Chemist: 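First the structure, then my questions, so here it is.
Quick caveat: nothing in here was measured; it's all calculated off a predicted structure. A note on names: the letters A, B, ... follow the listed sequences, proteins ahead of strands, and every chain is numbered from 1.
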Amino acid sequence: MGGTSSKLPKDLLSEYQELTFLTKQEILLAHKIFSELQGGENGPYSSRVSMQKILTLPELKANPFRKRLCHVFSTSDMKDGSLNFEDFLDLLSAFSDTATLEIKSHYAFRIFDFDDDGTLDARDLEKLVNCLTGETDDTRLTAEEMRQLISNILEESDIDKDGTVNLSEFQHVISRSPDFVSSFKIVL
Amino acid sequence: MPRHKLIASESDVSIEVDEGKDNEFSLYYVEVEENSKGGKEKQATRDGKRRRERNGEVSRRRASEKRSTEMGNKRAEKKHDKHHKTTRKEGEKDRKRPRRRNADEEEAEEESSKEKKNIKNERTKTVKLEDEKEKDVKKKRKKHVKNDEDDANPGKTKQKDCQEVALKEKKKKRRKPETTSESESHSESNSDAESKDNQAVGVLGSLTPEELEQLKEAVDERKKLITTLKGKPWPMKKKLVILRESQEFVEKYEGALGKGKGRKLYAYKVLMMKKWMKFQRDLENFKTACIPWEMKIKEIESHFGSSVASYFIFLRWMYGINMILFGLTFGLVMVPEALMGKPYGSMPRKTVPRVEEASAMNFAVLWDFGGYAKYSVLFYGYYNNQRAIGWLKFRMPLSYFLVGVGTVAYSYMVVIRTMARNANEEGGGDDTSFNFSWKTFTSWDYLIGNPETADNKFASITTSFKEAIVEEQESRKDDNIHLTRFLRVLANFLVLCCLAGSGYLIYFVVRRSQKFALEGLENYGWWERNEVNMVMSLLGMFCPMLFDVISTLENYHPRIALQWQLGRIFALFLGNLYTFIIALMDAIQLKRAEEEIVKKNMTIWQANLYNGTVPDNSTALPITVHPADVPRGPCWETMVGQEFVRLIISDTMTTYITLLIGDFLRAVLVRFLNNCWCWDLEYGFPSYSEFDVSGNVLGLIFNQGMIWMGAFYAPCLPALNLLRLHVSMYLQCWAVMCCNVPQERVFKASGSSNFYMAMLLVILFLSTLPAIYTIVSIPPSFDCGPFSGKNRMFDVIQETLETDFPAWFSKVFSYASNPGLVLSFLLLLVLAIYYLQSTSKTYKRVNMELKKKLQTQNEENKRKNKLAALKAANELEQAKKAGEQCSNSASDLGVNEESSSIDEAGHHRQAGQNGRLIHPSQSQDTQNSEPPVSSAHTTTRPPASRGHTASGHLPGHPQKNAHSNRR
């Protein structure tokens, strides 16, 4: 890896095509956008772009899970949510039109798993619901409603009744949803 | 150290290595010795040795089958040889050590050459040095390794694949520390590839068919891995490494597979496969690049969410269908007639009549599709009934008829196929057992990139949560159920009144327009001429608003309200369309009566013509009357076609004008007057308009219905529609982006797509009904159109059968079409449908039952797993202690004990590593509820079967593990 030119090498491009659900054009577009994010100077694509910069993308601006997205897809050792180009491609691939339900649900699970402990417990769910209802007070649920909601969710999804939703339970639920695949998409 | 010396030392080392693992006793002895010497030196030598051992083992494995042939006769001699060597070696040990260390230091540079040498050495030596016992052991071991590698071959399911890959990962992880200590500059993949390289070099010469088979399987499996790699939730780095590695592996072995000619063929096949894959990928890229308006739609998607975008996707889909319809009518009807048919002015039906000639070129007339436009390929009446035209002998009437049927058939096919696909995708979407979970997990539309839309979405999600909670509690008691009921009934009554009123209005207007037409349109103004269309468009515009107002009376849940609204608009449109058709039918009857009169007059006219000009001279040239002067029938088909074309035009105009006034002008006014107004216009009364997805979709569907209905009588309709859709796409995209605000209620797109499709299907059916009725039951006009002179339009089929096919064919056809056969065939069809329907019902039921079963089983499994995990955790603790004891005592014990402790240690290591790495992707199969260490442990192997029996499971590694554990 390496190379400081603004263009992707051909073999790397074909490898990326092999490894993602993206088409050539999409990868090139992603590369263009990414190098713009890098701020003009075309560094090597193993270099990272900080989370703040990633979040300025119009596609992510309004997303309540944007920070989680960065954290999940970041391979940075610093845990700062910064993405390099390959992480960025991973993100776009998972959110692309043609990605499978399996991979989408996997990443959805990791996004919702706020404390990264491998299960969705009541606290994760509460955070998730708060993300969904927005930050303003008038849209927020009351504590009572929240409690009710979470207990209902666990009632439905927590098949082994251990108080948390794990990945397989999550995928079980998601796979039956009619509109998960169509809404779990981000396009550049 | 000089080169030659180094080489010499290495050959020495390899001698020792060869015997290394096999006579562990002596080797162990060496190590004890080393321990006593201690220090860094020991570490370095051990590392180097271990690696070489690995190589040695690989080569030994390879050599084993060769051995099996050669070994029998040499056995006795070898045994002797070996004893001799071991003794010699022990003597040399002290001398060798420093040299070995040097070798290690230079290993990185000398890697490749040395390894080749190693192999050579080892192969020659091992052939001499093995005995039968060892051979057996190694064979077993080899199998083990192979099994590890080909783990997933029997298990084709994805999960197994996953596990297998995870296993590989683990293996690699375990190997990693060694490789790094060996040489920092060599990356993991490199070292892996190298070892494979060695393998390849060694393997090719001596492969049995079974091994070839196995290798082939391994290659196939790698290939499969490559194709499924993108479906794995790993970071790109890892995927890249695995991809490169696998590709290298595949490349290395693919050439090796097959022999002689077969190899060439295989290589060729592989090459072609690669080319084909690349071609497919390029094609895929090309295809996606060819999809029009992708960027526009994506932009809208990111601003307004998927539901608004779904309208544009639907529009694009419609555009595609109309493209095909246009291709059919244009390519098979209009162009042949224009090119090969008789030219304009050659016959009466192709000439503007004398009375209309003066105004035929006026814009108003042309705009109305009269004058020259009426007497052109655009309409049915222009076509001639000549059987074959041009030098191609193109069967025009037949083609016309078949294209008419074909467009409808194609539309049915496409709509039904799309519906079936959608239904497939939706699958068990009706399952409501996960109401809350779906609301939480899947309600966010990640496409939304507009803060305003996001706010709306937040609000709508909150409402849906609250509603769901309230519904769940069922605490909402209707305080005044009677009032609600009364209001609902009232609302429905009002809506019915509206529908009836609009129906009557249309009927009235159409009748009035017929009166105008009879009296001659020239006496009336623009309004009278376009009354019907204008009234229909206006009704289509204002009635939905009225319905919207009425529906506020009902106080339904928004989703139900939307469905009611859609249903009502649908009824309105349908009613209007059918009133229009009924009125048109009346007009057809009138025209036909007129035609009868014209026919009578025609004979009189002809008689007059002949009698008047040419008294008794039959040999004279036939009288030439200019075609414009020939009297002609009213040609109801062209009239119908014209009506539809006008309807489409006016409908399009109204749509665009409402768009411009209702959206654009409003937006402009709101925007600019807001500064000098007494209330807030943007958030107050008029505000900006929302994009009405359902209304627009319905409009599109009805427009398409009109196309289907009218296309038979006006071949230009698909072309017009194409134009309209094209303009709509740009205009509406622009309008949405510049003057609409996101909807307050954001609906999901996916649920409704099949609903729209179902409506489209209904409309298709309803619009083909009248068309079929007119084709089948009304005789065509006598002097215009491709079917003139025939009793019915479909007679053209019979005519073709009789004249263009051999006699026997029409005979067969006539037999086949006798009522007995047709009836029995119909009966068979009905039976088949009934059978299929009942089987599908059964399947559904079975499906449901399976689902239930699966759920209960899942629960049971979970419970069991939990218990098992607890048990396993306990056992692991015990095993750990036992293992430690074992390894402690191993230093004074023999070979067997050590190998067992090695195994134990290996497991600890493995488990520990997994514990560190635990992560959803790898612990998919584990239940996550357990402590991480134990979970990893249980998946790798059940604790009971661990231990002495499985020695040698991890070839090449145990030594190190044992030491690391011991220390």
Side-chain angles (χ1 to χ4, degrees), chain A residues 15 17-21 23-25 58-59 61-65 75 86-87 89-90 93 95 100 102-103 106-110 112 118-119 125 128-129 132-134 139 141 145 148-149 152-153 156-157 159-160 162 166-168 170 172-174 176-180 182-187, chain B residues 226 229-231 233 235-237 239-240 243 281 284-285 288-289 298 301-302 306 426 428-429 431 433-438 440-451 453-455 458-459 461-462 465-466 469 472 748-751 858-859 862-863 866 918 920-921 923-924 927-929:
Chain A
E15 274 172 343
Q17 281 184 67
E18 195 80 58
L19 293 175
T20 61
F21 292 97
T23 63
K24 194 169 151 191
Q25 291 91 339
E59 286 78 14
K61 226 169 32 194
N63 197 322
F65 302 109
T75 52
E86 291 180 349
D87 301 339
L89 276 187
D90 272 333
S93 170
F95 279 96
T100 57
E102 214 179 329
I103 197 159
H106 174 91
Y107 279 115
F109 182 81
R110 283 177 58 186
F112 297 157
T119 59
L125 290 176
L128 168 58
V129 172
L132 284 174
T133 52
T139 55
L141 298 182
E145 281 170 332
Q148 179 79 31
L149 181 64
N152 280 333
I153 293 168
E156 286 169 1
S157 313
I159 294 167
D160 60 357
D162 61 350
N166 62 31
L167 180 64
S168 53
F170 182 77
H172 175 81
V173 171
I174 289 288
R176 277 159 186 73
S177 162
D179 37 29
F180 173 69
S182 67
S183 66
F184 197 75
K185 273 196 288 192
I186 290 178
V187 281
Chain B
I226 289 174
L229 204 54
K230 66 177 165 188
M236 180 71 79
K237 217 175 206 168
K239 283 195 284 187
L240 262 180
L243 175 77
R281 207 164 61 196
E284 203 63 33
N285 285 343
T288 43
K298 281 186 176 166
E301 219 167 27
S302 69
S306 55
E426 276 165 26
D431 202 346
S433 52
F434 298 118
N435 189 15
F436 283 98
S437 308
W438 286 348
T440 15
F441 296 147
T442 71
S443 59
W444 184 258
D445 194 340
Y446 288 77
L447 289 163
I448 293 173
N450 187 356
T453 320
D455 285 344
F458 287 139
I461 288 175
T462 313
F465 276 145
K466 287 186 174 163
I469 291 169
E472 179 74 13
K748 288 275 177 60
S750 66
N858 231 6
E859 273 173 49
K862 295 262 160 82
R863 219 169 293 139
K866 235 175 161 181
I918 189 128
S921 75
S923 57
Q924 243 174 16
Q927 292 318 315
N928 284 323
S929 49

Chemist: Taking the six-membered ring for Trp, are A/Phe180 and B/Phe441 closer than 6.0 Å centroid to centroid?
Modeler: no

Chemist: Taking every non-hydrogen pair under 4.5 Å, which of A/Leu149, A/Leu89, A/Leu19 racks up the most with chain B?
Modeler: A/Leu19

Chemist: Might you work through the side-chain contact (heavy atoms from CB on, under 4.5 Å) test for A/Phe184 and B/Thr442, ending with a clear yes or no?
Modeler: CA-CA 8 Å; A/Phe184 197 75; B/Thr442 71; over 6 Å; no

Chemist: Can you tell which of A/Val173, A/Ile186, A/Leu132 has the highest number of heavy-atom pairs within less than 4.5 Å of chain B?
Modeler: A/Leu132

Chemist: Do other residues, nucleotides or ligands put more than 12 heavy atoms under 6.0 Å from the NZ atom of A/Lys185?
Modeler: yes

Chemist: Which answer fits A/Thr20, side chain, backbone, both or neither, if we ask what part of it has an atom under 4.5 Å from a heavy atom of chain B?
Modeler: both

Chemist: Do the rings of A/Phe65 and B/Trp444 sit parallel, tilted or perpendicular, given the 30° and 60° boundaries?
Modeler: perpendicular

Chemist: In terms of heavy-atom proximity below 4.5 Å to chain B, should A/Glu15 be classed as side chain, backbone, both, or neither?
Modeler: both

Chemist: Are A/Glu18 and B/Arg281 close enough, and set up right, to give a side-chain contact (heavy atoms from CB on, under 4.5 Å), and what steps lead you there?
Modeler: CA-CA 9 Å; A/Glu18 195 80 58; B/Arg281 207 164 61 196; 3.0 Å; yes

Chemist: Contact part of A/Phe112 toward chain B, heavy-atom cut-off under 4.5 Å: side chain, backbone, both or neither?
Modeler: side chain

Chemist: When only pairs under 4.5 Å are counted, which of A/Pro64, A/Ser93, A/Ala108 shares the most heavy-atom pairs with chain B?
Modeler: A/Pro64

